[in-house]
Enquirer: 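Sharing a structure, written as structure tokens. Questions coming.
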Amino acid sequence: MATRWWLLHVDLDQFVAAVELLRRPELRGRPVVVGGSGDPTRARQVVATASYEARAHGVHSGMPLRAAARRCPDAVFLPSDPPAYEAASARVMAALRGFPVRVEVFGWDEAFVGAEVEDPMALAADLQKAVFAQTGLTCAVGVGDNKSTAKIAARFGKPGGVFQLTAGNWMDVMGARPAAELWGVGPKTAKKLADLGLHTVADLAAADPEPLLARFGARMAGWLRATARGGGDTEVVTEPWVARSRSRETTYPRDLTDPEQIAGQVAVLARELGADVVGEGRRVTHVAVKVRFASFYTPTREMKLRDGPTTDLDVIERAALTVLEKFRLDRPVRLLGVRTDLELDR
DNA sequence: TCTGGGGTCCTAGGACCC
DNA sequence: TCTGGGGTCCTAGGACCC
């Protein structure tokens, strides 16, 4: 058997909950819910990750913590601890890099692996063993011939397994499934496709190009057809990702109504965020402000910094306050956010 | 017991300039 | 005077993902 290029997707099982279980082994087997400050009586906080035991009770990410507590009164609620997850993630990536493969980090708990091998299923199993040995964490691995097939394959491998999805079995496995199971097709796109009579992956793969073109534009229409036929990107980028933007936002426990207080909070967010990005050695090009009103209407406004990229926290704060003036703050505000766009190539 | 936080990329319309 | 285009920059919003 000859070697060829394969793309694998490594996806950690219940990553955030699993990291918590590593340092609290006594909780193993119990439903664990991580999110917010870990206090299920507090409003306006949601589940970041639920352990499989909690999911069995209907708890899932995005659900309000209070709702999770109702569904699963026995659950252990823990606060989110991002630095711990970042550290665990780094150990996972290091384990993967121990192999003669290309590794593209894709968030905390996922990586694409490109490898020239004869037996990708054996490689997948070896990756799982190494990750578990070096971190105590388990993962699913999807074997594909591009990022899309590998990523979808990993879902079938969860938890802890390996699944292969390539041109050979693509239509058998995916053809009858809803188009929304394609990576990058969300609820809105699925609805538009359904309006065109396209419900399954096979429908989309065989679709007449004209209506797709009219509805989605050339770029998206072409991508939809390709992805429904099992196509996808094959490039594995090993260089560390350079962030295009950073943001910081807060949902307040109680709505804000006083414009002075709102401006004060925007200033705080802008300075904290500015300190972070400048600390990372980056320069800010644009500043955006997001306001979520009590109705959940969430407009954003932004501006390019007139005097060019900056590291000056005063400039960043002033820009945020200038942008804030574009809003009419005549209704209660539940969330404020500030985003900075960052200069590239420096 | 309403609905978090942090990202990326694409599109479209208006401004502005030639 | 009744009407051009084309190109680029900027901003706002949409959609998706983890």
Side-chain angles (χ1 to χ4, degrees), chain A residues 9 11-12 14-16 33-49 60-71 79-82 85-86 89 105-112 147-148 151-152 154-155 179-193 215-224 227 233 237 241-253 255 269 272-273 276-277 285-306 319 322-323 326-327 334-342 344:
Chain A
H9 183 250
D11 196 333
L12 279 289
Q14 53 170 9
F15 176 66
V16 163
V33 176
V34 183
S37 58
D39 176 358
T41 66
R42 266 188 66 179
R44 297 185 172 183
Q45 299 204 323
V46 302
V47 175
T49 304
H60 56 81
S61 52
M63 170 182 284
L65 288 185
R66 304 167 91 149
R70 262 179 294 120
R71 290 208 182 188
S80 182
D81 180 8
Y85 315 139
E86 274 163 36
S89 179
V105 177
F106 201 73
W108 275 347
D109 60 343
E110 296 180 27
F112 288 105
K147 285 181 174 174
S148 179
K151 170 104 180 158
I152 295 170
R155 281 185 214 149
E181 290 192 18
L182 295 164
W183 185 35
V185 175
K188 306 284 185 179
T189 302
K191 171 73 168 65
K192 288 185 195 171
L193 289 170
R215 190 71 192 248
F216 293 99
R219 194 183 182 96
M220 180 85 168
W223 176 82
L224 282 168
T227 199
D233 180 16
V237 179
W241 177 254
V242 179
R244 270 63 171 163
S245 66
R246 292 262 181 239
S247 65
R248 181 168 297 208
E249 66 184 54
T250 304
T251 294
Y252 297 93
D255 292 345
L269 290 169
E272 289 176 354
L273 176 61
D276 281 356
V277 301
T285 63
H286 300 69
V287 175
V289 174
K290 169 160 134 182
V291 177
R292 174 166 291 153
F293 294 100
S295 65
F296 237 70
Y297 168 59
T298 313
T300 62
R301 298 289 181 265
E302 68 173 299
M303 65 180 272
K304 181 177 181 177
L305 297 178
R306 294 294 155 207
T322 300
V323 173
K326 298 187 186 191
F327 293 90
R334 62 176 285 142
L335 170 149
L336 292 171
V338 176
R339 188 188 80 241
T340 51
D341 288 349
L342 306 174
L344 285 174

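Chain A is the first sequence line, chain B the second, and so forth, proteins listed ahead of strands; every chain is numbered from 1.
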Enquirer: Check whether any side-chain heavy atom of A:His60 sits under 4.5 Å from a side-chain heavy atom of A:Val47, and report yes or no.
Expert: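 In short, these two side chains do not touch, never coming nearer than 4.5 Å.
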Enquirer: Can you check whether A:Arg44 has a side-chain N or O nearer than 4.0 Å to OP1 or OP2 of B:dG5?
Expert: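 For B:dG5, neither OP1 nor OP2 has a side-chain N or O of A:Arg44 closer than 4.0 Å.
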Enquirer: NA contact type, A:Ala48, heavy-atom cut-off 4.0 Å: base, sugar-phosphate, or nothing?
Expert: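 Contact class for A:Ala48: none.
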Enquirer: With a cut-off of less than 4.0 Å, is there a side-chain N or O of A:Arg248 near OP1 or OP2 of B:dG6?
Expert: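 For B:dG6, neither OP1 nor OP2 has a side-chain N or O of A:Arg248 closer than 4.0 Å.
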Enquirer: What's the CG-C1' distance between A:Asp341 and B:dT8, to the nearest Å?
Expert: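 After rounding, the gap between these two atoms is 11 Å.
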Enquirer: So, taking the atom named OG1 in A:Thr227 and the one named CD1 in A:Ile152, what distance separates them when rounded to the nearest 0.5 Å?
Expert: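 Here the rounded value is 6.0 Å.
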Enquirer: Are the side chains of A:Thr189 and A:Leu182 in touch, meaning some heavy atoms are under 4.5 Å apart?
Expert: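 No, their side chains stay 4.5 Å or more apart.
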Enquirer: Base, sugar-phosphate alone, or nothing: which one does A:Gly184 contact when heavy atoms must sit under 4.0 Å apart?
Expert: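 Sugar-phosphate: the residue A:Gly184, judged by heavy atoms under 4.0 Å, touches backbone atoms but no base.
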Enquirer: Using a heavy-atom cut-off of 4.0 Å across all strands, would you classify A:Ala243 as base, sugar-phosphate, or nothing?
Expert: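 Answer is sugar-phosphate: A:Ala243 comes under 4.0 Å of backbone atoms only.
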Enquirer: Taking for each residue the nucleotide of DNA chain B with the nearest heavy atom, is it A:Met63 or A:Tyr252 whose nucleotide lies nearer the 5' end?
Expert: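 Between the two, 5'-proximity favours A:Met63.
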Enquirer: In whole angstroms, how far is the P atom of B:dT8 from the NZ atom of A:Lys290?
Expert: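 My rounded result for the distance is 13 Å.
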Enquirer: Within the 4.0 Å heavy-atom criterion, would you say A:Thr189 contacts the bases, only the backbone, or no part of the nucleic acid?
Expert: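 Here A:Thr189 touches the backbone only, sparing every base.
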Enquirer: Just checking A:Lys191: base, sugar-phosphate only, or nothing, at a heavy-atom cut-off of under 4.0 Å?
Expert: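 Here A:Lys191 touches no strand at all.
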Enquirer: Enumerate the salt bridge (charged side-chain N to carboxylate O under 4.0 Å, His left out) contacts for residues 292-302 of chain A, please, sequence neighbours excluded, ordered by first and then second residue.
Expert: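 Qualifying pairs, neighbours excluded: A:Glu302-A:Arg339.
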Enquirer: Rounding to an integer number of Å, can you tell me how far A:Phe296 CZ sits from B:dC2 C1'?
Expert: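 The distance from CZ of A:Phe296 to C1' of B:dC2 comes to 9 Å, rounded to the nearest Å.
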Enquirer: Could you tell me the separation between the CG atom of A:Leu336 and the C1' atom of B:dG5, rounded to a whole number of Å?
Expert: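 From A:Leu336 CG to B:dG5 C1': 14 Å.
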Enquirer: I need the CG-C1' distance between A:Leu335 and B:dG5, as an integer number of Å.
Expert: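 So the two atoms are 9 Å apart, to the nearest Å.
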Enquirer: What does A:Gly36 touch in the nucleic acid at a heavy-atom separation under 4.0 angstrom: a base, only the sugar-phosphate, or nothing?
Expert: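 Nothing, no nucleic acid heavy atom in range.
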Enquirer: Quick test: give all pairs of protein nitrogen or oxygen and nucleotides 9-16 of chain B nitrogen or oxygen below 3.5 Å, distance rounded to 0.1 Å.
Expert:
{"from": "B:dC10", "atom 1": "OP1", "to": "A:Arg219", "atom 2": "NH2", "distance (Å)": "2.9"}

Enquirer: Does a side-chain N or O from A:Thr251 land closer than 4.0 Å to OP1 or OP2 of B:dT3, or not?
Expert: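 Answer no for this pair, as no side-chain N or O of A:Thr251 is under 4.0 Å from OP1 or OP2.
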Enquirer: Give A:Ser61 one of three labels, base, sugar-phosphate or nothing, depending on what nucleic acid heavy atoms sit under 4.0 Å from its own.
Expert: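 The answer is nothing, as A:Ser61 stays clear of every strand by at least 4.0 Å.
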Enquirer: Should the pair A:Phe15 and A:Trp108 be assigned to parallel (<30°), tilted (30 to 60°) or perpendicular (>60°) ring geometry?
Expert: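 Taking A:Trp108 first and then A:Phe15, their aromatic rings sit tilted (interplane angle of 30° to 60°).
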Enquirer: Can you confirm whether A:Lys188 is buried at NZ, in the sense that more than 12 heavy atoms of other residues, nucleotides or ligands lie under 6.0 Å from that atom?
Expert: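 Open.
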Enquirer: Going by ring centres under 5.5 Å and near-parallel planes (under 30°), is A:Trp108 stacked on C:dC18?
Expert: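 A stacking contact does not exist, since A:Trp108 is not both close and nearly parallel to the base ring of C:dC18.
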Enquirer: Over how many whole Å does the gap from A:Asp276 atom CG to B:dG5 atom P extend?
Expert: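 It is 16 Å, rounded to the nearest whole Å.
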Enquirer: With pairs taken as Watson-Crick or G-U wobble and both distances under 3.5 angstrom, which stems of at least three consecutive pairs involve DNA chain C?
Expert: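 In DNA chain C, stems of three or more pairs: B:5-18 with C:5-18.
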Enquirer: If I pick the P atom on B:dT3 and the same atom on C:dC18, what distance separates them, to the nearest angstrom?
Expert: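 Those two atoms are separated by 24 Å.
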Enquirer: Report which part of the nucleic acid A:Arg339 touches: base, sugar-phosphate, or nothing (heavy-atom distance under 4.0 Å, all strands).
Expert: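 Touches nothing.
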Enquirer: Working to the nearest 0.5 angstrom, can you tell me the gap between A:Lys147 NZ and A:Asp233 CG?
Expert: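 With rounding to 0.5 Å, NZ (A:Lys147) is 4.5 Å from CG (A:Asp233).
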Enquirer: For residues A:Val291 and A:Leu335, determine if any side-chain heavy atom of one lies less than 4.5 Å from a side-chain heavy atom of the other.
Expert: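 No. Closest side-chain heavy atoms not under 4.5 Å.
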Enquirer: Which atom names give the shortest non-hydrogen contact between A:Ala179 and A:Leu193, and what distance separates them?
Expert: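 Nearest pair, atom of A:Ala179 first, then A:Leu193: CB-CD1, 3.9 Å.
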Enquirer: Under 4.0 Å between any heavy atoms, over every strand shown, what does A:Val47 touch: base, sugar-phosphate, or nothing? Just pick one.
Expert: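 The residue A:Val47 makes no contact with any strand.
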Enquirer: Using 30° and 60° as the class boundaries, would you call the ring planes of A:His9 and A:Phe112 parallel, tilted or perpendicular?
Expert: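 A:His9 vs A:Phe112 ring planes: tilted.
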Enquirer: Does a side-chain N or O of A:Arg334 approach OP1 or OP2 of B:dC2 to a distance below 4.0 Å, or not?
Expert: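 For A:Arg334, the contact criterion (side-chain N or O under 4.0 Å from OP1 or OP2 of B:dC2) is not met.
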Enquirer: Side chains of A:Glu249 and A:Leu269, heavy atoms from C-beta outward: is any pair under 4.5 Å?
Expert: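 They are not in side-chain contact.
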Enquirer: Send over the distance from A:Tyr85 OH to B:dG7 P, rounded to a whole Å.
Expert: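 Nearest whole value for this atom pair: 17 Å.
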Enquirer: Using whole Å, report how far CG of A:Leu342 lies from C1' of B:dG7.
Expert: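 Rounded to the whole Å, the gap is 12 Å.
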